[in-house]
A.B. asks: 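Pasting in a structure now, in structure tokens, and then I'll have a few things to ask.
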Amino acid sequence: MAVLIQNPANGAYEDRTKDIRELHPMAGGVRIAFRAGRPYEYGSQRVLVLENPKVVSPDARVRIAVEGQLWENVTEAYHFTAQDRGWWHIFYGNSGKYAARPTECVEIIPNGAGEPRAAAILAYWKAVAERLPEGGQSLREAYSRSMFVHPESALYRYLHALPIEPTERPASPPLYPFHTNLSQRAAIENALRHTISVIDGPPGTGKTQTILNLIANVIVDESKTVAVVSSNNTAVDNVHTKLTEAGFGYVTANLGRVAKQDTFFAEQLNRNQVVEGLRGSPELMLPRTEEMVTRDGRLLGLREAERQLAQLNSEHANYGLERSHFMGYFDRHELPDQEQLPVLRWGSAKILAFIAATDPDLARTSGIARMVDRIGNYFRYRSMRYADAQDVDVVLRLQRLYYDKKIAELEQLIGKVRKSLDSANFEQLAEEQRQLSVGWLTEHLRRRYADRATRRYDRGSYRRKWAEFRRDYPVILSTCHSLERSIGSGQLIDYLVIDEASQVDLLAAGVALASCRNLIIVGDLRQLQPIDSVKESACPPAPAPAYRYQENSILSSLIELYGDSLPRVMLREHYRCDPSIIGFCNQKFYEDNLIPFTLSAPGYQSMVVARTVEGNHMRQFGRQVDVNRGRINQREIDVIQREVLPRFCADFPPDQIGVTTPYRKQADRVTDALIESVESIESDTVHSFQGREKDAIVMTTVLDETKSGHAGLRHADGPELVNVAVSRARKRFVLVTNHDMLPQSRNLRDLIGYIHYQNLDKEVFDSSIVSVFDLLYRDYSMRLRPLAARVRRESDHKSEDIMRTVLEDLLRETEFHGLGFKEQVLLKNLLPDTNRLTPDQQRFVRTRSSSVDFDLYNRVTKQRVCVIEVDGFEFHENDPKQLARDVLKNAICRAYRIPLLRFPTTGSDEVERLRRELAALVRGRTAANPTS
């Protein structure tokens, strides 16, 4: 039974059941005797007696939340209803005590943790958590108790793989109180419009800036909250620091570890003084929403021009570098200058069009068609009538001219775009938008605090006053495993941002996902993943691959779970590194999707390889199981201390120099070596450097050419590790490695080759194979393919089309990631000179018929892997002239050690053979039969 008595002052009912000593029905009402000698009260109009309650016993299926807070120790709850009134008596603990609350303050919430799919995954995670080493105590505790999964939480959606639903973005105009760009804008809109979304953030692309602008767009709505978490405090502290520097630190509650909470609660007085000042400030006159949207739309077009300018600058630098390589090759062939050719008025596109139109492999064979082509070419290219288009030396001079024309055209276009941005006052408009966004957010925060006095909370009370607390502090900062404990079980933050998500394991993520409705993952699969701390063999099998602890971060898990249906936006604009430094990461790991906004000074050497003297200098300590921790290389440390730092790092402040390595013991040895002379130079492992940056980074690889050194490559040569190490450097990256430069490696070998290419190292020209002219033949292919398609349509000659398709499919495989191919490459473009050729061979390479069908190369180092010839029966085996040319090509390739793979159209199992041959070449071994 529950007794409610109406308060005459306000008409509200109060539960007075605990105060009743006697209650007797009487004519016209009830007689009530209160405890402790209180007076009698009469009158049915002021008394409600509620009986026959509905009993709720919390278990694994349902939980009880009181005023938004999940009560963990409820034993039973009784719900009374009568005359449109409802009241709860909630018993808790073992003492028989109960609390009384009106119906609207209590919620019975189904627990999604008990549903079969979720229960299986959580049981698997619990088994993993039980095996966590020392330091995993908080996660063991989280999974040891019965976890609550709110049906509105992101964890419920994730465990059940429910579809990602669209949501409504806040009603305010887009706000960017921190500078932004096209990718960041798209990522923010994507995050605000979906229940789960991913922001792919490669190094230096402004992940924190994106998070800050996202926060602004959330908390401008007074009813919304946002939490930012990570696996470590560094990323979260960065968000807090940036908000504080911008004048918005008063909206944040740093509720991570105990020390963070102590600091937060101790500093409330200073924070409240800031809020009092805000409350007392005059109202800001804000522009209309439509004006903000119109201004943003105008800036959108200018930001597209800004991105175009950055792309043009990058393209200009790339063409300049390739031209320098081409000129080294061109000068070796001692060809006369192109001024004798009357084509100086042609643009770059017309030059390539002429070379393609005169390719003998694309000449149409029928008499009428050939005549039509010759007449058309005469009118299009008649200024070339005195030059032999079939003479390769003529083509080489045209290729040289192409670079000059292309670079001049890019410079002209760069000037045009820059002028358009200047005339539109882009920088001024962007700053005005930022200031208006700051004003809009500041005014809405002033209104939030204007009608309420500032409060002081303590660690014991803030969760009980959660509704008020979250209104005062709409931005919660924490680590993943601390979030639920910080806000209280069952509470849901509206938006959760997990930063550095590639390092957040599934156990930590699961705890955080239980505390939010909408989820934004910010990370990069190309950077380091969580370090497995539990062996898979020690755990039961995962219910599904996406939830496997050892294989996944929360980022990779969501990608595995949702595939292409996962809303993702990649941040493309890069602001940190010298263009050459990020250029390696871009080409090697990001498929050239990044756009450097940085510029390099002419002639500046941003990347260096420093080799030790010959010999094996690595030493290993400890057992074999400690292979990734117990390695040092004192010779490399000596090179760093005596040569690299004085020669390549002297212009940088010591605190802006970092030495990194795959191995902890080597990092400690470097610290010991430098501590007396340059104490402020930081030495640490690559894992520890993730998320940070220095002006100069020196990487010591440690490994040598011993068996033990080769065994360490799996760790040191990891793509994520190499990517993180290189991208920490803003202005200079120095790789210190052994004398042989790790030829058995894959990623480090590509890094060394890339650095040589960037520095125009003489070894590029002294080698027997010329670097691929990537940009030239990329542009040439765009002109070549339409003509080739026309000819093959008429001749029904499909063999090269088939090989192109095979190559495109094959190069998507992980084994061959980073390889590319060009078509119809002149054989002479492969040779550094013709000194090794016989007179017949020299005459042959001067003809256009000496091209190869496909040229396979490493897109990072521009080094050739092999060339491929497709031998159609009618054009090879059945044609004596073509057979003679094939013999010449074979001999020339052997002379210059160019692997040549031949594939007859009448063969079988060619795909597997090509895969096998390529795999051998990529691993640094010679193909089994290079000219077969």
Side-chain angles (χ1 to χ4, degrees), residues 318 322 325-326 328-330 333 352 355-356 359-362 392 395-396 399 402-403 587 750 753 757 764-765 767-785 787-788 799-812 816-834 844-845 847-871 885-886 888-903 910 914-915 917-922 926-927 930-932:
N318 291 336
E322 186 166 299
H325 280 270
F326 184 87
Y329 155 83
F330 187 88
H333 285 270
L352 285 191
I355 298 174
D359 191 315
D361 286 343
L362 301 181
V392 166
V395 175
L396 296 186
Q399 288 176 340
Y402 172 77
Y403 284 109
Q587 294 177 29
D750 281 358
Y757 185 81
V764 173
F765 297 117
S767 72
S768 61
I769 301 176
V770 174
S771 293
V772 172
F773 302 123
D774 189 13
L775 300 174
L776 171 66
Y777 273 99
R778 180 200 68 184
D779 298 342
Y780 182 53
S781 292
M782 294 174 64
R783 295 281 169 180
L784 196 66
R785 287 201 176 185
L787 296 174
S799 56
E800 291 183 20
D801 289 333
I802 294 171
M803 179 56 75
R804 181 188 305 110
T805 302
V806 168
L807 285 172
E808 288 172 347
D809 291 341
L810 201 60
L811 298 191
R812 292 190 185 101
F816 309 116
H817 181 77
L819 300 187
F821 67 89
K822 303 299 181 187
E823 298 179 62
Q824 297 303 318
V825 177
L826 293 174
L827 187 55
K828 196 165 184 179
N829 275 153
L830 313 182
L831 310 179
D833 52 49
T834 58
F844 175 65
V845 298
T847 65
R848 294 287 296 276
S849 59
S850 64
S851 62
V852 296
D853 292 333
F854 296 95
D855 181 16
L856 270 70
Y857 68 104
N858 184 313
R859 289 188 286 110
V860 178
T861 66
K862 313 305 181 195
Q863 293 174 348
R864 181 160 292 100
V865 176
C866 68
V867 295
I868 293 176
E869 284 279 273
V870 181
D871 298 341
R885 287 194 288 267
D886 292 346
L888 285 170
K889 284 185 187 179
N890 292 347
I892 292 167
C893 287
R894 277 196 299 270
Y896 286 88
R897 302 180 65 185
I898 301 172
L900 169 60
L901 307 180
R902 289 194 175 275
F903 289 87
E910 303 302 342
L914 178 57
R915 180 183 286 111
E917 300 276 17
L918 282 184
L921 288 165
V922 165
T926 303
T931 58
S932 63

A.B. asks: Hey, do the aromatic rings of Phe821 and Tyr857 have their centres closer than 6.0 Å?
C.D. replies: no
A.B. asks: Considering non-hydrogen atoms only, spot the tightest contact between Phe326 and Leu396 and give its length.
C.D. replies: CZ-O, 3.8 Å
A.B. asks: Considering all heavy atoms of both residues, which atom of Val392 and which atom of Ser850 are nearest to each other, and what is their separation?
C.D. replies: CG2-OG, 4.3 Å
A.B. asks: Using the side-chain contact (heavy atoms from CB on, under 4.5 Å) rule, take Arg848 and Ile355 through it: C-alpha gap first, then chi angles, then the decisive distance, then the call.
C.D. replies: CA-CA 10 Å; Arg848 294 287 296 276; Ile355 298 174; 3.7 Å; yes
A.B. asks: Should Asn829 and Val395 be marked as a side-chain contact (heavy atoms from CB on, under 4.5 Å) after you check the CA-CA gap, both sets of side-chain angles, and the distance that decides it?
C.D. replies: CA-CA 10 Å; Asn829 275 153; Val395 175; over 6 Å; no
A.B. asks: Is a donor on one side and an acceptor on the other found under 3.5 Å between the side chain of Glu322 and the backbone of Asp774?
C.D. replies: yes
A.B. asks: Restricting to non-hydrogen atoms, name the atom on Ser849 and the atom on Arg885 that form the minimum distance, rounded to 0.1 Å.
C.D. replies: OG-CD, 3.9 Å
A.B. asks: Nearest 0.5 Å, what's the CG-CZ distance between Leu856 and Phe816?
C.D. replies: 9.5 Å
A.B. asks: Test of understanding: with salt bridge (charged side-chain N to carboxylate O under 4.0 Å, His left out), list the residues that count as partners of Arg778, not counting sequence neighbours.
C.D. replies: Glu315
A.B. asks: Enter the distance from Cys866:SG to Phe854:CZ here, rounded to the nearest 0.5 Å.
C.D. replies: 11.5 Å
A.B. asks: Would you say Val772 and Arg859 make side-chain contact, with heavy atoms under 4.5 Å?
C.D. replies: no
A.B. asks: Would you confirm whether Gln824, through its side chain, and Ser851, through its main-chain N or O, come within 3.5 Å as a donor-acceptor pair?
C.D. replies: no
A.B. asks: Distance-only, no hydrogens or angles: does the His333 side chain make a donor-acceptor pair with backbone N or O of Leu831 under 3.5 Å?
C.D. replies: yes
A.B. asks: Apply side-chain contact (heavy atoms from CB on, under 4.5 Å) to Lys828 and Thr834, showing your working.
C.D. replies: CA-CA 8 Å; Lys828 196 165 184 179; Thr834 58; 4.1 Å; yes
A.B. asks: Rounded to the nearest 0.5 Å, what's the gap from CD1 on Ile898 to CD1 on Ile892? Could you check?
C.D. replies: 9.0 Å
A.B. asks: Are Val867 and Val825 close enough that some pair of their side-chain heavy atoms sits under 4.5 Å apart?
C.D. replies: no
A.B. asks: With a 4.5 Å heavy-atom cut-off, do Leu776 and Gln399 have their side chains touching?
C.D. replies: yes
A.B. asks: Once the angle between the rings of Tyr757 and His325 is folded into 0 to 90°, is it parallel (under 30°), tilted (30 to 60°) or perpendicular (over 60°)?
C.D. replies: parallel
A.B. asks: Measure the spacing between CZ of Arg915 and CG of Leu810 and express it to the nearest 0.5 Å.
C.D. replies: 5.0 Å
A.B. asks: Do Gln587 and Asp750 pair up side chain to side chain, a donor and an acceptor below 3.5 Å, judged on atom types alone?
C.D. replies: no
A.B. asks: Looking only at side chains, do Asn858 and Arg864 share a donor and an acceptor under 3.5 Å apart?
C.D. replies: no
A.B. asks: Quick test of your reading of the model: are Lys822 and Asp855 salt-bridged, counting only N-O distances below 4.0 Å?
C.D. replies: no
A.B. asks: For a 4.5 angstrom cut-off between non-hydrogen side-chain atoms, does Tyr896 reach Leu830?
C.D. replies: no
A.B. asks: State the CZ-CG distance between Arg902 and Asp871, to the nearest 0.5 angstrom.
C.D. replies: 4.5 Å
A.B. asks: Using 4.0 Å as the upper bound for N to carboxylate O, is an ion pair formed by Asp801 and Arg804?
C.D. replies: yes
A.B. asks: Output, in order, the C-alpha distance, side-chain angles, deciding distance and verdict of ring pair (Phe, Tyr, Trp, His ring centres under 6.0 Å) for Phe773 and Tyr329.
C.D. replies: CA-CA 10 Å; Phe773 302 123; Tyr329 155 83; 5.3 Å; yes
A.B. asks: At their closest point, which heavy atom of Glu808 faces which heavy atom of Arg812, and how far apart are they?
C.D. replies: O-CG, 3.3 Å
A.B. asks: Among Val870, Leu827, Leu826, which one satisfies side chain to side chain contact (heavy atoms under 4.5 Å, CB included) with Val852?
C.D. replies: Leu827
A.B. asks: From Asp853 CG over to Glu823 CD, what is the distance, rounded to the nearest 0.5 angstrom?
C.D. replies: 8.5 Å
